[in-house]
Each structure stands twice: as C-alpha cells, then as structure tokens.
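Read the structure below first, then the notes.
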2 protein chains.
Amino acid sequence: MRIGEFARRAGVTARTVRYYESLGLLEPGERQGAGFRYYTEAELARLQKINDLKELGLSLEEIISVVPLYFEDPTRIRGKQKILEILKQHLQETDGKLAALAQFRIELQAKIDRIQQWLEEQTQREGK
Amino acid sequence: MRIGEFARRAGVTARTVRYYESLGLLEPGERQGAGFRYYTEAELARLQKINDLKELGLSLEEIISVVPLYFEDPTRIRGKQKILEILKQHLQETDGKLAALAQFRIELQAKIDRIQQWLEEQTQREGK
DNA sequence: ATTAACTTTGACGTAAACGTTAACTTATTC
DNA sequence: GAATAAGTTAACGTTTACGTCAAAGTTAAT
C-alpha cells in the first residue's frame with residue numbers, strides 16, 4: 001500500500017511516516033515507479049507497535065531501541081549485552097512509573113471520593 | 001529563601017521557577033527589597049509535588065489543574081463539578097496507562113529472560 | 001486525454017519546556 | 001568599600017515531534 005493508506009490505517013500522517021523513516025524508526029519503504037514508497041502489512045504492525053509505545057510515554061529515541069525486540073529474534077540482535085542493560089534499565093524505570101502511577105491513582109480516587117461526598121451532602125442539605 | 005536556593009533544593013533551575021510562575025503553576029513569590037522573590041517551605045513542597053507529577057508524564061497544563069488538590073481543601077476549590085470530571089478522566093487515563101505499562105513490563109521481562117538465557121547457553125557452550 | 005488524488009523533497013512554522021545571553025541591580029562576604 | 005555571588009527582565013536559542021506550505025511530478029479513474 002502507498003504512504004497515504006499506510007498512514008491512515010495506523011492513525012498517523014504521511015509526514016509522521018517520513019519523519020520516522022528519517023529517524024530510522026521505520027525502514028525506508030520499498031520504492032517503486034517514480035520513487036513512491038510501498039508498505040507491507042508487517043510494516044503496518046511495526047508502526048502500530050510504535051504508536052503503542054508512544055502512548056506509554058516513551059520518546060521516539062527510546063522506541064528506536066525497544067521496538068526491534070518485538071519484530072526480531074532477540075538472540076539475533078547485535079549488541080545483546082548492551083541491549084540487556086537498556087532493557088533492565090527500562091524495566092526499572094517502568095517499575096518506578098508503575099508504583100508512582102498507582103500511588104497517583106490512589107490519591108486521585110481519594111480526592112474524587114471526597115469531592116463527590118461533599119457534593120452529595122450539599123444536594124441533601126438543599127432539600128433536593 | 002531566595003530563588004537560587006529554592007530552585008536548587010527542588011532540583012530545577014531559577015529559569016524554570018520563573019517560567020512556572022508565568023504559567024500560574026506557582027504563586028508569585030513574595031517580593032522584597034528590589035523585587036527579589038522569597039519563597040517558603042510550603043512553596044518548596046508544592047514545587048516538589050509539581051516535579052513528581054511531571055515525572056508521571058503529566059504536562060504542565062494538566063499539572064495546573066491537578067496540583068491544587070494537594071494543597072487546598074478540595075471541597076473549597078472553585079468549579080468542583082468540572083474538576084470532578086477532570087479527575088475522573090485522569091483516573092481513567094491513569095488506569096489505562098497502568099494496564100499498558102504492566103503489559104509492557106511483562107513483555108520486557110520476557111525478552112530480558114530470553115536474552116539472558118541465550119547468553120548463558122553461549123557461555124556454557126564456550127566451555128567457560 | 002483529462003482530471004482528481006496522491007506523491008515527492010525541502011523548508012519554514014508551531015508548541016511545549018525550558019537554556020542561554022545580555023544588561024543591569026542588589027546582597028553577601030572579605 | 002571592593003569583589004564576588006546572586007538577583008532581575010527581556011529576548012533569542014534549543015530540542016522534540018510534528019504541521020503546513022510550495023513547487024513539481026506521478027498515479028489512477030473516468
């Protein structure tokens with residue numbers, strides 16, 4: 001498929017796709033005819049995974065180092081020792097974020113409960 | 001304390017402090033003498049909470065709406081209904097992120113285990 | 001053949017979140 | 001009192017992640 005359909009199906013713009021290619025996040029799509037890029041379903045899956053990782057708050061630079069793990073045999077990737085270190089660091093950061101987000105959630109819930117309860121008391125006090 | 005010490009203790013720069021004040025994230029520090037800002041321990045606590053929320057990936061704009069809840073009686077804050085909606089949305093987004101991060105962690109751990117096991121097999125195969 | 005839709009590259013613009021610099025004043029230390 | 005450190009505002013610079021535009025060409029449908 002061409003870049004417009006590729007981008008649409010992934011929920012991004014063609015500009016984004018060319019930008020990711022320039023970063024090395026996406027392979028240069030196979031060029032045909034007058035230089036048009038053509039993409040495969042496999043490449044679409046990769047772009048969708050990139051989107052997922054972005055949603056997690058990873059920067060594009062971080063995604064560059066992480067995304068190969070989803071589409072290549074990890075044992076065949078170059079520089080495994082280094083990747084192992086990067087992964088462990090990611091894991092540690094992820095654990096920290098999980099804990100912080102869970103705490104944030106508890107605090108949020110408590111405040112929601114408090115405001116909600118107060119509003120209900122106000123409503124009852126108004127005789128409604 | 002003055003802005004330099006205030007920033008240092010919070011782990012940010014004076015530029016950041018002035019920027020946050022311009023956004024309304026921080027109260028304008030009390031001015032003395034020739035316009036120097038002076039800050040209190042309470043304001044330091046607020047700045048540290050802002051940092052914590054930033055670490056969670058919230059934008060400064062989002063932090064503006066969330067941070068008052070930590071330092072003011074939620075029932076006394078203006079526009080409670082609206083804040084309740086914002087909080088509920090945050091809670092929903094936080095739950096989504098928690099689930100996604102947990103999944104991401106599982107995937108990361110699995111890949112770490114796989115690479116680690118392969119490396120160990122390599123080492124044993126080398127008779128070392 | 002015509003036309004609409006799509007593509008290309010390059011480059012400037014935008015937003016968020018500051019960093020850095022300049023010019024000037026004040027506070028602190030010796 | 002001099003020297004040094006710290007403070008002020010304003011403004012331009014930087015980075016990340018694109019958006020938008022221009023100019024020109026290609027592809028696909030009719």
Side-chain angles (χ1 to χ4, degrees), chain A residues 1-41 43-44 46-67 86 90 93 97 100, chain B residues 1-41 43-44 46-67 86 90 93 97 100:
Chain A
M1 73 199 100
R2 287 194 321 228
I3 198 171
E5 182 187 352
F6 181 60
R8 198 162 40 250
R9 290 175 68 187
V12 301
T13 67
R15 177 68 184 91
T16 298
V17 173
R18 297 191 190 97
Y19 180 56
Y20 285 4
E21 180 188 319
S22 78
L23 292 180
L25 247 185
L26 287 176
E27 300 296 316
E30 174 179 332
R31 305 293 196 113
Q32 287 183 16
F36 280 27
R37 294 167 175 84
Y38 286 84
Y39 298 90
T40 63
E41 294 292 330
E43 284 160 322
L44 182 59
R46 185 183 173 98
L47 180 50
Q48 279 160 341
K49 174 60 68 177
I50 289 169
N51 282 344
D52 292 344
L53 296 171
K54 267 198 67 194
E55 280 296 298
L56 289 179
L58 272 72
S59 69
L60 297 181
E61 188 177 339
E62 291 171 320
I63 293 172
I64 288 174
S65 67
V66 169
V67 77
I86 290 176
H90 273 301
E93 287 168 11
K97 278 189 171 181
Chain B
M1 76 202 95
R2 289 198 313 240
I3 197 170
E5 181 186 351
F6 182 61
R8 198 162 40 250
R9 290 176 68 186
V12 300
T13 67
R15 178 68 185 91
T16 298
V17 175
R18 295 190 191 100
Y19 180 55
Y20 285 4
E21 178 187 319
S22 77
L23 293 180
L25 247 184
L26 287 174
E27 300 296 316
E30 174 180 331
R31 305 297 196 111
Q32 288 181 16
F36 281 26
R37 294 170 177 80
Y38 286 84
Y39 299 90
T40 63
E41 296 291 329
E43 284 160 322
L44 181 59
R46 184 181 173 98
L47 180 50
Q48 279 159 342
K49 175 59 69 176
I50 290 169
N51 282 345
D52 291 344
L53 296 171
K54 265 197 67 193
E55 280 294 297
L56 288 179
L58 272 72
S59 70
L60 297 181
E61 188 176 338
E62 291 172 319
I63 293 172
I64 288 174
S65 67
V66 170
V67 77
I86 291 175
H90 273 301
E93 287 169 12
K97 277 189 171 181

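Within every chain, numbering begins at 1; the chains are lettered A, B, ... in the order of the sequence lines, protein sequences first and strands thereafter. Because the structure is predicted, anything quoted here is derived from the model rather than measured.
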inquiry  = Taking the side chain as everything from C-beta on, heavy atoms only, tell me whether Tyr39(B) gets closer than 4.5 Å to Val17(B).
reply    =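 When only atoms from C-beta onward are counted, Val17(B) and Tyr39(B) do touch, with a gap below 4.5 Å.
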ask   = So, for Val67(B) and Arg46(B), which heavy atoms are closest and what is the spacing to 0.1 Å?
value =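 Here Val67(B) and Arg46(B) meet closest at CG1-NH2, 3.5 Å.
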Specify the separation, in whole Å, of atom [atom1] of [X] and atom [atom2] of [N].
| X | N | atom1 | atom2 | answer |
| --- | --- | --- | --- | --- |
| Arg2(A) | dA5(C) | CZ | C1' | 8 Å |
| Arg18(A) | dT8(C) | CZ | P | 4 Å |
| Ile50(A) | dA17(D) | CD1 | C1' | 14 Å |
| Tyr19(A) | dG19(D) | OH | P | 11 Å |
| Leu26(A) | dC18(D) | CG | C1' | 14 Å |
| Glu21(A) | dT7(C) | CD | P | 14 Å |
| Phe36(A) | dG25(D) | CZ | C1' | 8 Å |
| Tyr20(B) | dA17(C) | OH | P | 8 Å |

key: Distance below 4.0 Å between Arg31(B) side-chain N/O and dT9(D) OP1 or OP2   =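 True: Arg31(B) side-chain N/O within range (under 4.0 Å) of dT9(D) OP1/OP2.
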message = With a 4.0 Å cutoff (strictly under), does any side-chain N or O of Thr13(B) reach OP1 or OP2 of dG19(C)?
response =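 For dG19(C), OP1/OP2 do have a side-chain N/O of Thr13(B) under 4.0 Å.
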Among the nucleotides [options], which one has an atom lying closest to any side-chain atom of [X]?
| X | options | answer |
| --- | --- | --- |
| Thr16(A) | dT8(C), dC18(D), dG19(C) | dC18(D) |
| Tyr38(A) | dA28(D), dC18(C), dT8(C) | dA28(D) |
| Lys54(A) | dC18(D), dT8(C), dT26(D) | dC18(D) |
| Glu61(B) | dC18(D), dT7(C), dA16(C) | dA16(C) |
| Arg37(A) | dT9(C), dG7(D), dA11(D) | dT9(C) |

ask   = CZ/Arg37(A) to CG/Leu26(A) distance, rounded to the nearest 0.5 angstrom?
value =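 Between atom CZ of Arg37(A) and atom CG of Leu26(A) there are 10.0 Å.
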Nearest-0.5 Å distance, CD of residue Gln32(B) to CZ of residue Phe36(B) =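 Answer rounded to 0.5 Å: 11.0 Å.
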inquiry  = Strictly distance-based, threshold 3.5 Å: is any side-chain N or O of Glu43(B) a donor or acceptor partner for the main-chain N or O of Thr40(B)?
reply    =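 Pair found, side chain donor or acceptor close to backbone of Thr40(B).
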query = Hey, which of these two, Leu58(B) or Gln32(B), hits DNA chain C nearer its 5' end, going by closest nucleotide?
reply =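 Whichever sits nearer the 5' end wins; that is Leu58(B).
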key: Comparing Arg8(A) and Ser59(B) on DNA chain C - which has the more 5′ nearest nucleotide   =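 First, find each residue's nearest nucleotide; the 5'-ward one identifies Arg8(A).
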